[in-house]
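Taking it in order: structure first as structure tokens, then the write-up.
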Protein chains: 2
Amino acid sequence: MVTLAEVAQHAGVSASTVSYVLSGKRSISTTTRRRVEESIRKLGYHPNAGARALASSRSNIIALMIPLRTDMYVPVMMEIAIAVATTARTHGYDVLLLTGEEGPDAVRRVTGSGLADAMIVMDVELDDERLPLLRETDRPSVLIGLPADTTGLTCVDLDFKATGALCVEHLATLGHRDIAVIGEAPAVYERHTGFAERTLDGLRTRSRELGLRLLHRPCEGGYDAMAATLARILDERPDTTGFVVQNEAAVEPLLALLRQQGRAVPEDVSVVAVCPEQVATQASVRLTSVAVPAQEMGRHAVEQLVAKLDGRGSDEVVLLAPELTVRASSGPAPVQS
Amino acid sequence: MVTLAEVAQHAGVSASTVSYVLSGKRSISTTTRRRVEESIRKLGYHPNAGARALASSRSNIIALMIPLRTDMYVPVMMEIAIAVATTARTHGYDVLLLTGEEGPDAVRRVTGSGLADAMIVMDVELDDERLPLLRETDRPSVLIGLPADTTGLTCVDLDFKATGALCVEHLATLGHRDIAVIGEAPAVYERHTGFAERTLDGLRTRSRELGLRLLHRPCEGGYDAMAATLARILDERPDTTGFVVQNEAAVEPLLALLRQQGRAVPEDVSVVAVCPEQVATQASVRLTSVAVPAQEMGRHAVEQLVAKLDGRGSDEVVLLAPELTVRASSGPAPVQS
DNA sequence: GAAAGCTGTCGAAGCGCTTCGACAGCCTAT
DNA sequence: ATAGGCTGTCGAAGCGCTTCGACAGCTTTC
């Protein structure tokens, strides 16, 4: 391993000079800088991460806590993770991958050991047990998601309430009066994951305002679960003509079932999905949808964090505005028979 | 931040004693050990990661390079990543997430800086440019995937050649003579990703041995692409009764199209998929499939790596045996008309 | 032309830990 | 009783870097 000292010797300067060339924290003459940079290149020098962290008490690592379970939104999680990793790199940070498994202990361990300078927490529950720790530590953090109480926290998320409202509005504009919501698996609601409840809130509030009838049914992914759920919905509300789906794994089964039952999309029923773009465009009917802006969320979270680490930035909640893209799965409600 | 020295003082012992309690590298009397442990608990001590890394030249971090593109196998990647992270934790390691973006430079940076003790590389291409670096560095590494030349490398992967053979055998046993393979996107083959080519190899070799007719067509995911590909296949080989699908995003579209064309699964045509279990069980027809053992691959990779870091273990290629699970999408070939 | 201010460089301290050698105190074997 | 061997503990060195204060050699200012 090449060390700073060796570079210094090779360039004929002191170690501190090399350090300052690297960090830019003091001015260095152009000639010296060039000589040092040349030596660094020639020797293939890479600063030792441990030594750096020890001396500067900065590890240049951002911790990312992802959910352990993979019962939902896997591609979204992955996209966020990748956006976080690439954005972090552009700011000189690396990303440490933590699973939710350890729970609050992971937070303690990471902040206590100085392993990471800051952390991003995904899959936040409404009353998450990690929140008190995040609030009291001096390490910056950003949540992707929205807990019940956001005081002293920085959050980034899609505005799911507005998303729900947007879906309902779209269907209402097309003349639909009876709308069914096919939601995430029951476990997701039981866990009080914020986004699911907020979407529902938006759906309900706006429906009421617009005088629509709304029926919400959670649904496991997969064909069989969807079949049962759909049967129930059509039994309870035979006049349903609008569907809002917030469960990737239910999208394709729903379309298949509707087709099978002779209900044409969008002529007889309209479907609006809340899902990644890829799912919407690759489905068997191109779906009118509100996209989950995974990449933007990841990027934004890192940028907030870097700002905080640089002493800029402050606690705030950023809710990204939803955008509804009209595709082939929604159209005017059929004329009342 | 609580330091080792403070713990030592609190427990009335020297710093080195505390260190030895923590590492277990020298014997410590039970009474002392207990006293120290008590102090650690009381003070909420966490060893400083940087200092540790510097003094021991061990960071206790494993780097995981995941592919940047998300054009295939996202859930598999995620499952591997999570398995790696959780397995690593049970051995006292954390995981650093690197995207393929930086390419070979990431390898240089990580090994040069001592950021990670070892690395796991996913999405290996047949002639990957990171391989020379991995071979010459003294840091252990494990590839998930199989390059063309494995000398001096440790690899874990599903035996995709055997997987291909297994799919063909299953269909042959059921009496199918004309088989079509719906593969990954063309880009995947152009990139010479090992698994795709190896599967194809297995499919072809075994077909030849069994006297079957085999047609391979790459396919982008999604409904439209699948429609075009299927039309082509049935045009070229109208007698096709067996399908092997190796592209998650093509599975559901294929089933929908077959249904739409009045080809019943499994009465008229059989479908065998190479995909994660979840996809197979949640599809609109429960799919006969060979599972990609993502979790096992991740776990195995970490265990190999830990063995190497402990001075045990050696270079070897481990190909996991494929297992075909018969479900509802395959059955006897229809009687020749 | 002396005081004051810059600029560019250096030396040394110290970050918190691991680990090596030393050694005190005790037990066992002769 | 004494040499030798264990066991448990300590002190000190050192890992490779950052950063602070010092200062030499300039330039500017009145």
Side-chain angles (χ1 to χ4, degrees), chain A residues 1-37 39-40 43-61 92 94 109-117 309, chain B residues 1-37 39-40 43-61 92 94 109-117 309:
Chain A
M1 283 306 76
V2 188
T3 70
L4 227 212
E6 297 177 77
V7 174
Q9 192 175 16
H10 185 270
V13 297
S14 75
S16 47
T17 301
V18 177
S19 178
Y20 287 123
V21 167
L22 250 28
S23 68
K25 292 193 178 170
R26 286 204 181 170
S27 57
I28 297 286
S29 69
T30 319
T31 46
T32 307
R33 182 199 317 290
R34 271 212 259 282
R35 212 143 31 87
V36 170
E37 281 165 353
S39 298
I40 288 176
L43 302 179
Y45 169 69
H46 286 273
N48 180 88
R52 233 176 195 192
L54 178 57
S56 66
S57 37
R58 281 285 211 119
S59 65
N60 284 303
I61 288 179
D94 274 294
R109 194 167 59 85
V110 166
T111 60
S113 66
L115 230 189
D117 296 333
L309 287 167
Chain B
M1 281 309 74
V2 188
T3 69
L4 226 212
E6 297 177 75
V7 173
Q9 193 176 15
H10 186 270
V13 298
S14 76
S16 47
T17 301
V18 177
S19 178
Y20 286 123
V21 167
L22 250 26
S23 69
K25 291 193 180 171
R26 285 206 182 170
S27 57
I28 297 285
S29 69
T30 319
T31 46
T32 307
R33 181 198 317 290
R34 271 212 260 283
R35 210 141 36 86
V36 170
E37 280 166 354
S39 299
I40 288 177
L43 301 179
Y45 170 70
H46 286 273
N48 180 88
R52 236 177 194 191
L54 178 55
S56 64
S57 35
R58 281 287 210 116
S59 65
N60 283 303
I61 288 179
D94 273 294
R109 193 166 60 83
V110 166
T111 59
S113 67
L115 230 189
D117 297 332
L309 286 167

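In the text below, chain A, chain B and the rest are named by the order of the sequence lines, each starting its count at 1. Values reported hereafter were calculated over all heavy atoms of this structure, with side chains retained and with hydrogens, waters and symmetry mates removed.
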Please evaluate residues B:L43 and B:H10 with respect to the criterion side-chain contact (heavy atoms from CB on, under 4.5 Å), reporting the C-alpha separation (whole Å), side-chain torsions for both, the decisive distance (0.1 Å), and the verdict. CA-CA 9 Å; B:L43 301 179; B:H10 186 270; 3.9 Å; yes
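Using a 4.0 Å heavy-atom distance criterion, A:T3 is classed as a sugar-phosphate-only contact. Nucleic acid contact for B:S16: base, since at least one base atom lies under 4.0 Å from a heavy atom of the residue.
In this structure A:H46 satisfies the side-chain hydrogen bond (donor to acceptor under 3.5 Å, both in side chains) test with no other residue, sequence neighbours excluded. For A:R58, the side-chain hydrogen bond (donor to acceptor under 3.5 Å, both in side chains) test picks out A:Y93, with sequence neighbours left out. In this view, A:E6 and A:T3 satisfy the side-chain hydrogen bond (donor to acceptor under 3.5 Å, both in side chains) rule, not counting sequence neighbours. For B:S29, the side chain to side chain contact (heavy atoms under 4.5 Å, CB included) partners are B:T31, B:T32, not counting sequence neighbours. For A:N60, the side-chain hydrogen bond (donor to acceptor under 3.5 Å, both in side chains) test picks out no residue, with sequence neighbours left out. Checked against side chain to side chain contact (heavy atoms under 4.5 Å, CB included), B:D94 has the following partners two or more places apart in sequence or in another chain: A:L96, A:L98, A:R109, A:L115, B:I61, B:R89. Partners of A:R35 under the salt bridge (Lys or Arg N to Asp or Glu O under 4.0 Å) rule, at least two apart in sequence or in another chain, do not exist in this structure.
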Would you mind writing out the side-chain donor-acceptor pairs for residues 12-25 of chain A within the sub-3.5 Å range, not counting sequence neighbours?
from	atom 1	to	atom 2	distance (Å)
A:S14	OG	A:S16	OG	3.0
A:S14	OG	A:T17	N	3.4
A:S14	OG	A:T17	OG1	3.2
A:S23	OG	A:S19	O	3.3
A:S23	OG	A:K25	N	3.3

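Comparing A:S23 and B:V13, the nucleotide of DNA chain D nearest to each residue sits closer to the 5' end for B:V13.
Residues of residues 26-34 of chain B that place a heavy atom closer than 4.0 Å to DNA chain C, in numerical order, are B:R26.
Summary for the helix from C:dG1-D:dC30 to C:dT30-D:dA1: the axes at its two ends, each from 5 pairs, differ by 40° when rounded to the nearest 10 degrees.
Protein chain B contacts DNA chain D over a range whose 5' and 3' limits, counting nucleotides with an atom under 4.0 angstrom from a non-hydrogen atom, are D:dT7 to D:dG16.
Closest approach of A:L54 to B:A51, counting heavy atoms only: CD1-CB, 3.6 Å.
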